[in-house]
Asks: 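This is the structure I want to talk about, given as structure tokens.
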Amino acid sequence: MLRLLATYLATGLALAGVDFIWLTKAQALYRPTLNPVLADQVNLGAALAFYLVYVTGVTSLAVVPAGRAGSVRRGALTGAALGAFAYATYDLTNQSTLKVWSTTITLADISWGTFLTAVAASVGTFVYVRLSPRNPRP
């Protein structure tokens, strides 16, 4: 149980830390198109809920299976696929329903989600593998 908690926290800290960089630097991408609909303040409750849910999904669908296989590479690849699917779902839905969405934002977000989730899953898988009991050698 402690290994899963440490893995979840490592995955979450990696995701939040790397995403923080993007969110503070990518304003030039979002503001020109989305400024009329952007909130003045981030809804911290909704942001926290997203991170808790997303990290749970990344941990359960990418990190733990890759950790059981002992493969950080598998964690990165599965995380990348999961990130691409998740971010594509969000962005393509927005692009299909919102007047103010752009293909540039869609492509940038999907690329970012792929990279971000691959990094977070890699960190989580690394921690899971490092905390796994070693098999005794005969």
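Here, residue 1 is the first one in the sequence, and each next residue gets the next number. Owing to the predicted nature of the structure, the values given are computational and were not obtained by experimental measurement.
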Asks: Could you tell me which residues satisfy ring-ring contact (aromatic ring centres under 6.0 Å, His included) with F50, sequence neighbours excluded, listed by chain and number?
Replies: Y54
Asks: Please list all pairs meeting side chain to side chain donor-acceptor pair (under 3.5 Å) that have one or both residues in residues 118-129, counting only residues at least two apart or in different chains.
Replies: R3-Y128
Asks: Are V18 and V63 connected in a single hydrophobic cluster, I mean Ile/Leu/Val/Met/Phe/Trp/Tyr linked by side-chain heavy atoms less than 4.5 Å apart?
Replies: yes
Asks: List for me each residue that meets side-chain contact (heavy atoms from CB on, under 4.5 Å) alongside V37, sequence neighbours excluded, and say none if there are none.
Replies: L34, V100
Asks: Mind checking who shares a hydrophobic cluster with L44, ILVMFWY linked at side-chain heavy-atom distances under 4.5 Å?
Replies: V42
Asks: In terms of hydrophobic clusters joined by side-chain contacts under 4.5 Å, are L107 and L29 together?
Replies: no
Asks: When clusters are formed from ILVMFWY side-chain contacts under 4.5 Å, directly or step by step, what else is grouped with V129?
Replies: none
Asks: Restricting to non-hydrogen atoms, name the atom on A121 and the atom on G79 that form the minimum distance, rounded to 0.1 Å.
Replies: CB-CA, 3.8 Å
Asks: Which atom names give the shortest non-hydrogen contact between L131 and A6, and what distance separates them?
Replies: CD1-CB, 3.5 Å
Asks: Membership question, hydrophobic clusters at under 4.5 Å side-chain separation (ILVMFWY): are L52 and V55 in the same one?
Replies: yes
Asks: Indicate if F85 and V119 have the same hydrophobic cluster label, given that clusters are the connected sets of ILVMFWY residues with side-chain heavy-atom separations under 4.5 angstrom.
Replies: no
Asks: Return yes when atom OH of Y30 has more than 12 non-hydrogen atoms of other residues, nucleotides or ligands closer than 6.0 Å, and no otherwise.
Replies: yes
Asks: Which pairs with one or both residues in residues 58-74 pass side chain to side chain donor-acceptor pair (under 3.5 Å), sequence neighbours excluded?
Replies: none
Asks: Checking F126 now: which residues fulfil ring-ring contact (aromatic ring centres under 6.0 Å, His included) with it, not counting sequence neighbours?
Replies: none
Asks: Does the side chain of V123 reach to within under 4.5 Å of the side chain of T11, using non-hydrogen atoms?
Replies: no
Asks: Please name all residues satisfying side-chain hydrogen bond (donor to acceptor under 3.5 Å, both in side chains) with N43, sequence neighbours left out, ordered by chain then number.
Replies: none
Asks: Taking all non-hydrogen atoms of both residues, which atom of G113 and which atom of T117 are closest, and how far apart?
Replies: O-OG1, 2.7 Å
Asks: Quick one: side-chain contact (heavy atoms from CB on, under 4.5 Å) partners of A84, sequence neighbours excluded?
Replies: T114
Asks: Kindly state each residue pair satisfying side chain to side chain donor-acceptor pair (under 3.5 Å) with at least one member in residues 76-92, sequence neighbours excluded.
Replies: Y90-N94
Asks: According to side chain to side chain donor-acceptor pair (under 3.5 Å), does anything in residues 96-107 pair up with another residue at least two apart or in another chain? List the pairs.
Replies: Q95-T103, Q95-T106, W101-T106
Asks: Rounded to the nearest 0.5 Å, what separates atom CG in D19 from atom CG in L116?
Replies: 5.0 Å
Asks: Looking at every heavy atom in both A28 and P32, which two are closest together, and how far apart are they?
Replies: O-CD, 3.1 Å
Asks: Pairs in or reaching into residues 6-29: which pass ring-ring contact (aromatic ring centres under 6.0 Å, His included), with residues at least two apart or in two chains?
Replies: W22-W112
Asks: Same cluster or not: L82 versus F115, using hydrophobic residues (I, L, V, M, F, W, Y) connected whenever any side-chain heavy atoms lie under 4.5 Å apart?
Replies: yes
Asks: Taking atom CG of D109 and atom CG of L92, what is their separation to the nearest 0.5 Å?
Replies: 10.5 Å
